[in-house]
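In this chain, residues are counted from 1 in sequence order. Not measured: the values here are computed from a predicted model.
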Amino acid sequence: RAKSLATILERAGYSPLVVDGCFDPPELVVDRLFADGHLPSRHPILLSLLSTFALRWARLALREIHRRVPLARVVVGGRWVTADDGEWIHQQLPGASLVVFGTAESRVVDLVQPSRWPSLAGTSLRGHVSASDFAPHRIAYDLMRDYRRYQPSVEVSRGCGMGCSFCAEATTPLGPLKTPRQVGDELEHCARLYGERELHPYLEASFFRPDGLWCTELAQVLGARGLVVPWR
């Protein structure tokens, strides 16, 4: 969801850059950011943990950032990893300035302004899915370096609520699906950005449950726009 947050920041007047560490050594990634003039920054660095497997990489990256900029401020998020245990994350990543729980679309502008952190409950922010915590319309994928290496996704719903013990959305009710028209708008935006022949997006949802009417309408929307998009 880093691209989602970056899109919101851009629309708020910032100039964000999304960098995927891929499988490169963290020291090399940080070195590139300095070489390209992106670091040091007067704004905090937002570090997204997609998996617990990323913790070691993030720890080394934080160490390198602070070696070169001792006072750098780093906000750590990633709802599947941080859960609601800020103390544990701070033990894993002692260089983190702030740990964010849950989703952050409604809070990301505050997160890049440290003066607002006290009003967000200090070093552990507890979030939940709500109408304001949803991916923005038409994500700016080109804010990500080498974005064409990655296929886009259209987040069609959040939440699940099925109660599985391992899931961060176990008690979060399934939200409504975006309308087929909204999905068509976003796929059309992606087709312009990527080129339709290169586009193989996926529809993203914790629990994807469209009915026949929704599927039929989506097919009609894509057909009316002349879009041939093999979505997954």
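Shown here for Thr7 and Ala140, the closest heavy-atom pair between the two residues is OG1-N, 2.9 Å. Smallest separation of non-hydrogen atoms from His66 and Ala72: NE2-O, 3.0 Å. In this structure, Val81 and Ser51 approach most closely via the heavy-atom pair CG2-C, 3.4 Å. Contact detail for Gln151 and Glu198: the closest heavy-atom pair is NE2-O, 2.9 Å. Looking at every heavy atom in both residues, Gly159 comes nearest to Leu174 through O-CD1, 3.4 Å. Nearest heavy-atom pair across Pro114 and Arg73 is CG-NH1, 3.3 Å.
Annotation for Arg56: atom CZ does not count as buried by contact number, only 12 or fewer foreign heavy atoms lying within 6.0 Å. More than 12 heavy atoms of other residues, nucleotides or ligands shown are found within 6.0 angstrom of CZ on Arg225. The local environment of CZ in Arg11 is crowded, with over 12 non-hydrogen atoms from other residues, nucleotides or ligands closer than 6.0 Å.
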Test side-chain contact (heavy atoms from CB on, under 4.5 Å) on Val99 and Phe101 and set out the steps.
CA-CA 7 Å; Val99 175; Phe101 303 153; 3.7 Å; yes
Chi angles and distances behind the side-chain contact (heavy atoms from CB on, under 4.5 Å) call for Trp231, Leu199
CA-CA 8 Å; Trp231 58 270; Leu199 188 63; over 6 Å; no
For side-chain contact (heavy atoms from CB on, under 4.5 Å), just list the numbers for Val18 and Tyr141, CA-CA rounded to whole Å, side-chain angles, deciding distance to a tenth of an Å, and then say yes or no.
CA-CA 9 Å; Val18 180; Tyr141 289 99; over 6 Å; no
Go through the steps to decide whether Asp20 and Arg149 satisfy the test salt bridge (Lys or Arg N to Asp or Glu O under 4.0 Å), and finish with yes or no.
CA-CA 11 Å; Asp20 190 331; Arg149 294 176 58 188; over 6 Å; no
Hey, mind stepping through Leu203 and Phe208 against side-chain contact (heavy atoms from CB on, under 4.5 Å) and telling me if it holds?
CA-CA 8 Å; Leu203 304 188; Phe208 187 43; 4.1 Å; yes
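Within the 4.5 Å cutoff, no side-chain heavy atoms of His43 are placed close to those of Gln113. Ser48 has its side chain out of reach of Leu46: every pair of non-hydrogen atoms, C-beta onward, lies at least 4.5 Å apart. Two residues are said to be in side-chain contact when any heavy atoms from C-beta on lie closer than 4.5 Å; Leu55 and Leu93 meet this criterion.
Ion pair Arg148/Asp142 not flagged as a salt bridge, since none of the NZ, NE, NH1 or NH2 atoms sits closer than 4.0 Å to an Asp/Glu carboxylate oxygen.
Once rounded to the nearest 0.5 Å, the distance linking CD of Glu204 with CD of Glu155 reads 5.0 Å. With rounding to the nearest 0.5 Å, the separation of OG in Ser153 from CD1 in Ile139 is 6.0 Å. With values rounded to the nearest 0.5 angstrom, Lys3 atom NZ is found 13.5 Å from Ile8 atom CD1. Put simply, CG on Leu9 and CG on Leu143 are 9.5 Å apart, with the number rounded to the nearest 0.5 Å. Note: Phe207 CZ to Cys164 SG = 9.5 Å, rounded to the nearest 0.5 Å. Of the inter-residue distances, the one linking Thr179 atom OG1 with Leu177 atom CG reads 9.5 Å to the nearest 0.5 angstrom.
At distances below 3.5 Å, not a single donor-acceptor pair connects side-chain atoms of Ser97 with backbone N or O atoms of Val75. With Trp57 contributing its side chain and Asp24 its backbone, the two residues share a donor-acceptor pair below 3.5 Å. Using a distance-only test at 3.5 Å, with no hydrogens or angles considered, a donor-acceptor pair links the side chain of Arg107 to the main chain of Thr103. Between the side chain of Lys178 and the backbone N or O of Ser157 there is no donor-acceptor pair closer than 3.5 Å. Looking at Asp211, its side chain does come within 3.5 Å of a backbone N or O of Leu213 through a donor-acceptor pair.
Residues Glu105 and Ser4 bring a donor and an acceptor atom of their side chains to less than 3.5 Å of each other. No side-chain donor from either of His137 and Gln182 sits under 3.5 Å from a side-chain acceptor of the other.
Aromatic rings from Tyr147 and Tyr194 are positioned such that their centres are separated by under 6.0 Å.
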